[in-house]
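Structure first, then comments.
Only a predicted model underlies this, so the values are computations on that prediction, with no experimental measurement involved.
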Amino acid sequence: MFEELRERAFRANMELWKRGVVIYTWGNVSEADRAAGVFAIKPSGVPYESLRAEDIVIVSIADGSRVDGELNPSSDTPTHAALYRAFPEIGGVTHTHSPFATAWAQAGKNIPCLGTTHADAFRGDIPVTRYVTREEAERAYEAETAAAIEEAFSGRNPMHTPGVLVRGHGPLTWGENAEKSVYNAVVLEEIAKIAQTTYAINPQTPVLPAALQDKHFFRKHGPNAYYGQRKR
């Protein structure tokens, strides 16, 4: 049971590792099966080098409890579960500690849209959350992390800006499935690196004009997108 879901989540986790965005156990990917009310997620503390498809844990979206699997799910499971509940459009979530995106998260700075590379994938700046408070951390740290993300996305479309920087922690990304959430994690790390390098060259670099931001985003996304090859 859940073999195909497990396999997709496993492949997505291994793609994250292959792309060099995570080391050791520093990350996790999940994929949801909304019809079944579950998601598949990397087990806690298992190194990528030894991860197997059968290790992937099946968890309830409703309450984050383990549904199937022998190992404990990622310690970030409550964050994933809460994001699936908050953002019904998403089907995959990725968390990393990739160095450039994490540096922006630790600095407590949004990543502004400085150029078309950013605008192609993320509409507008990539927001940073507030810190989770001491009381929240003691009560339910991972779930409260998701609550802080929800706050940061008030008035935003999570599918237009499919990622966030958790203050003092690191990035999370999402997409319609696990594979796309990994793609967004890799792209976010490159965008963070480019932005940091840009400011090192010119600290006064302005944001990309709004018209260009929208042009580049919507030529790849939405009903009028024209980038790439049309499906026949």
Side-chain angles (χ1 to χ4, degrees), residues 16 21-22 26-30 32 39 41 44 59 61-64 73-90 92-114 118-119 121-175 181-182 184-196 198-199 203 205-208 210 213 217:
L16 191 68
V21 185
V22 294
W26 294 13
N28 45 74
V29 184
S30 69
F39 61 95
I41 191 167
S44 179
V59 176
I61 292 174
D63 61 12
S74 167
S75 57
D76 293 310
T77 292
T79 304
H80 288 240
L83 290 177
Y84 285 127
R85 294 193 297 268
F87 302 149
E89 308 96 329
I90 71 175
V93 176
T94 294
H95 171 50
T96 77
H97 292 264
S98 58
F100 284 92
T102 298
W104 284 86
Q106 292 180 169
K109 297 293 187 181
N110 295 354
I111 303 177
C113 184
L114 302 178
H118 180 135
F122 292 82
R123 190 178 186 204
D125 61 350
I126 299 165
V128 65
T129 71
R130 62 172 175 79
Y131 282 124
V132 173
T133 69
R134 175 186 294 181
E135 292 76 17
E136 289 170 335
E138 290 175 351
R139 181 169 61 244
Y141 172 64
E142 292 81 8
E144 295 293 351
T145 294
I149 294 171
E150 288 183 59
E151 288 177 25
F153 272 79
S154 177
R156 288 178 177 261
N157 183 334
M159 298 306 286
H160 283 183
T161 309
V164 69
L165 307 171
V166 177
R167 183 82 185 265
H169 187 170
L172 281 96
T173 56
W174 46 80
S181 75
V182 169
N184 288 332
V186 176
V187 171
L188 173 56
E189 176 63 6
E190 289 298 308
I191 288 170
K193 182 178 181 181
I194 292 167
Q196 185 168 324
T198 301
Y199 277 136
T205 301
V207 299
L208 188 70
Q213 290 191 38
F217 182 81

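For the side-chain contact (heavy atoms from CB on, under 4.5 Å) criterion with Leu165, the lone passing option out of Thr102, Ile149, Asn110, Ile126 is Ile126.
Legend: residues meeting side-chain hydrogen bond (donor to acceptor under 3.5 Å, both in side chains) with Arg167, ordered by chain and number and at least two apart, are absent. Under the rule for a ring-ring contact (aromatic ring centres under 6.0 Å, His included), His80 has no partner lying at least two apart in sequence or in another chain. Not counting sequence neighbours, the partners of Phe153 by the ring-ring contact (aromatic ring centres under 6.0 Å, His included) test are Phe87, Trp174.
Taking NE2 of His118 as the start and OG1 of Thr198 as the end, the distance is 11.5 Å to the nearest 0.5 Å. Atom CG of Leu16 and atom CH2 of Trp26 lie 13.5 Å apart (nearest 0.5 Å). Taken to the nearest 0.5 Å, the CD atom of Glu136 stands 13.0 Å off from the CZ atom of Arg134. For the atom pair OG1 (Thr161) and CG (Leu188), the distance works out to 11.0 Å, reported to the nearest 0.5 Å. For the atom pair Ile191 CD1 and Gln196 CD, the distance stands at 14.0 Å (nearest 0.5 Å). Put simply, CG on Leu172 and CG on Asp76 are 7.0 Å apart, with the number rounded to the nearest 0.5 Å.
No hydrogens or angles considered: nothing links the side chains of Thr173 and Asn184 as a donor-acceptor pair under 3.5 Å.
A donor-acceptor pair under 3.5 Å links the side-chain atoms of Arg85 to the main chain of Ile61, judged by distance alone. With hydrogens and angles ignored, the 3.5 Å screen pairs no side-chain donor or acceptor of Ser154 with any backbone N or O of Glu151. Side chain of His160 to backbone of Phe122: no donor-acceptor contact under 3.5 angstrom is found. Panel note: side chain Thr96, backbone Gly27; no donor-acceptor pair is recorded below 3.5 Å. Of the possible polar contacts, none joining the Gln213 side chain to the Arg123 backbone as a donor-acceptor pair under 3.5 Å is found. Between the side chain of Asn157 and the backbone N or O of Met159, at least one donor-acceptor pair lies under 3.5 Å.
Looking only at side-chain heavy atoms (C-beta outward), Val132 and Val166 stay at 4.5 Å or farther from each other. Residues Phe100 and Ile194 fail the side-chain proximity criterion, which asks for heavy atoms closer than 4.5 Å. In this structure, Cys113 and Val207 have side chains that are not in contact, with every pair of non-hydrogen atoms separated by 4.5 Å or more.
In terms of heavy-atom proximity, Ala121 sits nearest to Pro162 at O-CD, 3.9 Å. Listed here is the closest heavy atom pair of Ser74 and Thr77: O-OG1, 2.7 Å. Contact detail for Ala82 and Glu150: the closest heavy-atom pair is O-OE2, 4.5 Å.
Ring geometry, His169 versus His97: the interplanar angle falls from 30° to 60°, so the pair is classed tilted.
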